[in-house]
Amino acid sequence: MRVFVTGATGFIGTVVVQELIQAGHQVLGLARSEAGAEALAAAGAQVHKGDLQDLDSLRSGAAGSDGVIHLAFGHDFSKFKEMAETDRRAIEAIGATLAGSERPFVGTSGTLLVKPGQLATEDIPVPDDHSVPRVSEQTALSLVSKGIRASAVRLPQVHDRDKAGLVSFLIAIAREKGVSAYIGDGRNRWAAVHRLDVPAVYRLALEKGPAGGVYHAVGEEGVSLKEIAEAIGRGLKIPVRSLSKDEAASHFGPLAMFVGMDGPASSVLTQQRLGWRPMQSTGLLADLDQFNEFKR
């Protein structure tokens, strides 16, 4: 299968590209820079120049492919609404190209907003209440009605010893503020998965996931924010403290809404439906205890 991959040069995209090539697929990777293009070529992928705002580049990439994996998303949380709108338009442009073809489209969403305060499962839909501007999953799944085998992979905090999803943003804030913080008692949880466990979920969804399928690439159902803050404090050698909700807004800025969320998630149904298993034994806290940024 010839697969068009957006976000192909990113933290997750690079290992998804490797997974696809090793499985015998051809990869056409979206690249917006020369450095990204060179990295893709070196990995054995074909290069497609463009970005999420260049809708013509997305249409042409999708048109020449047997399927699409959409990973790209802008993570400037100070412009979250703008980033979400760019993502929606990108998905719709790709969808217009794939319409009526029954070709697969695998979009990307997150586990954190599925059912705050409850264990999120694949069968629980993302609330469509417009409280969060990102509508990646809703837009992707709407493509099913256009004759596309669309599905979505929900990601938790994806980590290795170099990056850790939203936790990496918490590290930057802690370094700037001189304190590693959590909200209240810090018992709220974030699900997590090792970076190397993620690519197989995308490949299996692409290859055999039915239209409308939703999958969780989750290795750990929930790690408490207090434990995460303590690991950051150890790594940066700074104090750890609890903040009230009022204090959190000024400390965390745009991330405050996420830091206070309780978002555990299960991957039991994904394991049953795709035959996937998380294989990496290193959890989020173990990676944070060996985080390369803390060694500098």
Side-chain angles (χ1 to χ4, degrees), residues 10-16 18-19 71 75 108-122 153-175 180-204 215-238 240 242 252 255 258-272 274-296:
F11 179 59
I12 299 168
T14 51
V15 287
V16 169
Q18 292 170 10
E19 172 85 14
L71 284 158
H75 288 94
T108 301
S109 182
T111 61
L112 192 55
L113 299 174
V114 177
K115 195 74 172 179
Q118 285 185 230
L119 183 70
T121 71
E122 297 86 337
V153 174
R154 294 173 179 164
L155 298 177
Q157 307 313 306
V158 182
H159 62 87
D160 63 9
R161 293 182 179 181
D162 291 308
K163 281 181 136 181
L166 292 180
V167 179
S168 289
F169 292 92
L170 297 186
I171 292 170
I173 292 169
R175 189 187 296 278
S180 179
Y182 55 92
I183 300 175
D185 61 13
R187 293 175 63 185
N188 59 301
R189 300 149 293 174
W190 284 356
V193 69
H194 195 281
R195 178 189 182 216
L196 296 182
D197 276 327
V198 173
V201 181
Y202 280 94
R203 177 180 58 79
L204 291 167
Y215 307 103
H216 284 187
V218 170
E220 294 179 278
E221 290 191 353
V223 182
S224 78
L225 266 292
K226 183 177 181 181
E227 290 178 299
I228 292 170
E230 289 172 342
I232 294 171
R234 288 193 300 271
L236 293 177
K237 297 180 173 56
I238 58 175
V240 179
S242 168
F252 293 112
L255 278 184
F258 299 111
V259 179
M261 284 184 173
D262 184 36
S266 166
S267 63
V268 170
L269 296 178
T270 295
Q271 294 183 43
Q272 292 174 354
L274 292 183
W276 169 81
R277 297 288 184 278
M279 304 298 292
Q280 301 301 313
S281 60
T282 305
L284 173 59
L285 296 178
D287 263 346
L288 287 177
D289 281 340
Q290 298 295 322
F291 215 53
N292 289 324
E293 183 174 338
F294 298 150
K295 300 175 184 178
R296 295 169 190 160

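Quick note: numbers below take in every heavy atom, side chains included, and nothing from hydrogens, waters or symmetry partners. Keep in mind that this is a model prediction, so the values were computed, not measured.
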Close side-chain approach of [X] and [Y], heavy atoms under 4.5 Å:
X      : Y      : answer
Gln290 : Lys295 : yes
Val201 : Leu155 : no
Met261 : Leu113 : yes

Checking [X] now: which residues fulfil side-chain hydrogen bond (donor to acceptor under 3.5 Å, both in side chains) with it, not counting sequence neighbours?
X      : value
Ser180 : none
Gln18  : none
Glu293 : Arg175
Thr111 : none

Non-neighbouring partners of Phe294 that pass ring-ring contact (aromatic ring centres under 6.0 Å, His included), sequence neighbours left out: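 Partners of Phe294 under the ring-ring contact (aromatic ring centres under 6.0 Å, His included) test: Phe291.
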Only counting residues at least two apart or in another chain, list the ones meeting ring-ring contact (aromatic ring centres under 6.0 Å, His included) with Phe252.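 Partners of Phe252 by the ring-ring contact (aromatic ring centres under 6.0 Å, His included) criterion come out as none, since no residue qualifies.
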Testing the basics here: between [X] and [Y], what is the closest heavy-atom pair and its distance to 0.1 Å?
X      : Y      : answer
Ala174 : Ile232 : CB-CG2, 3.8 Å
Ser224 : Gly186 : CB-O, 3.5 Å
Leu236 : Ile171 : CD1-O, 3.9 Å
Val158 : Phe11  : O-CE2, 3.5 Å
Pro116 : Val114 : CD-C, 3.8 Å
Gly184 : Ser242 : O-OG, 2.5 Å

Pairs meeting criterion ring-ring contact (aromatic ring centres under 6.0 Å, His included) with involvement of residues 185-204, two or more places apart: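 Qualifying pairs, neighbours excluded: His159-His194.
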Among Val193, Leu196, Asp287, find the one that has a side-chain contact (heavy atoms from CB on, under 4.5 Å) with Gln280.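 Testing Gln280 for a side-chain contact (heavy atoms from CB on, under 4.5 Å) against Val193, Leu196, Asp287 leaves exactly one candidate, Leu196.
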Side chain to side chain contact (heavy atoms under 4.5 Å, CB included) involving Ser266 - partner list, sequence neighbours excluded: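 Once residues adjacent in sequence are excluded, the partners of Ser266 under the side chain to side chain contact (heavy atoms under 4.5 Å, CB included) criterion are Leu119, Glu221, Val268.
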Who are the side chain to side chain contact (heavy atoms under 4.5 Å, CB included) partners of Leu285, not counting sequence neighbours?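 Counting only residues at least two positions away or on another chain, Leu285 forms a side chain to side chain contact (heavy atoms under 4.5 Å, CB included) with Val223, Glu227, Ile228, Ala231, Leu288.
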Sorted by first residue and then second, give each salt bridge (Lys or Arg N to Asp or Glu O under 4.0 Å) pair with at least one member in residues 183-193; sequence neighbours left out.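 Only Arg189-Asp262 qualify under salt bridge (Lys or Arg N to Asp or Glu O under 4.0 Å).
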How many angstroms lie between atom CD1 of Ile12 and atom CG of Leu71, to the nearest 0.5 angstrom?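 Between Ile12 CD1 and Leu71 CG, I get 6.5 Å after rounding to 0.5 Å.
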How many angstroms lie between OG1 in Thr270 and OH in Tyr215, if you round to the nearest 0.5 Å?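 Rounded to the nearest 0.5 Å, the OG1-OH separation comes out at 7.5 Å.
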How would you list all residue pairs meeting side chain to side chain donor-acceptor pair (under 3.5 Å) that involve residues 228-238, not counting sequence neighbours?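 Sorted pair list: Arg234-Asp289.
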Backbone N/O of [Y] and side chain of [X]: donor-acceptor pair under 3.5 Å:
X      : Y      : result
Asn188 : Val259 : yes
Arg154 : Thr121 : yes
Asn292 : Asp162 : no
Asp160 : Arg195 : no

Begin from the C-alpha positions of Arg277 and Ser267 and carry the test side chain to side chain donor-acceptor pair (under 3.5 Å) through to its verdict. CA-CA 9 Å; Arg277 297 288 184 278; Ser267 63; over 6 Å; no
Dump the intermediate steps for side chain to side chain contact (heavy atoms under 4.5 Å, CB included) on Leu170 and Leu255, then the final yes or no. CA-CA 8 Å; Leu170 297 186; Leu255 278 184; 4.2 Å; yes
Apply salt bridge (Lys or Arg N to Asp or Glu O under 4.0 Å) to Arg203 and list each qualifying residue two or more places apart in sequence or on a separate chain.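 Arg203 satisfies salt bridge (Lys or Arg N to Asp or Glu O under 4.0 Å) with Glu19, Glu207 once adjacent residues are dropped.
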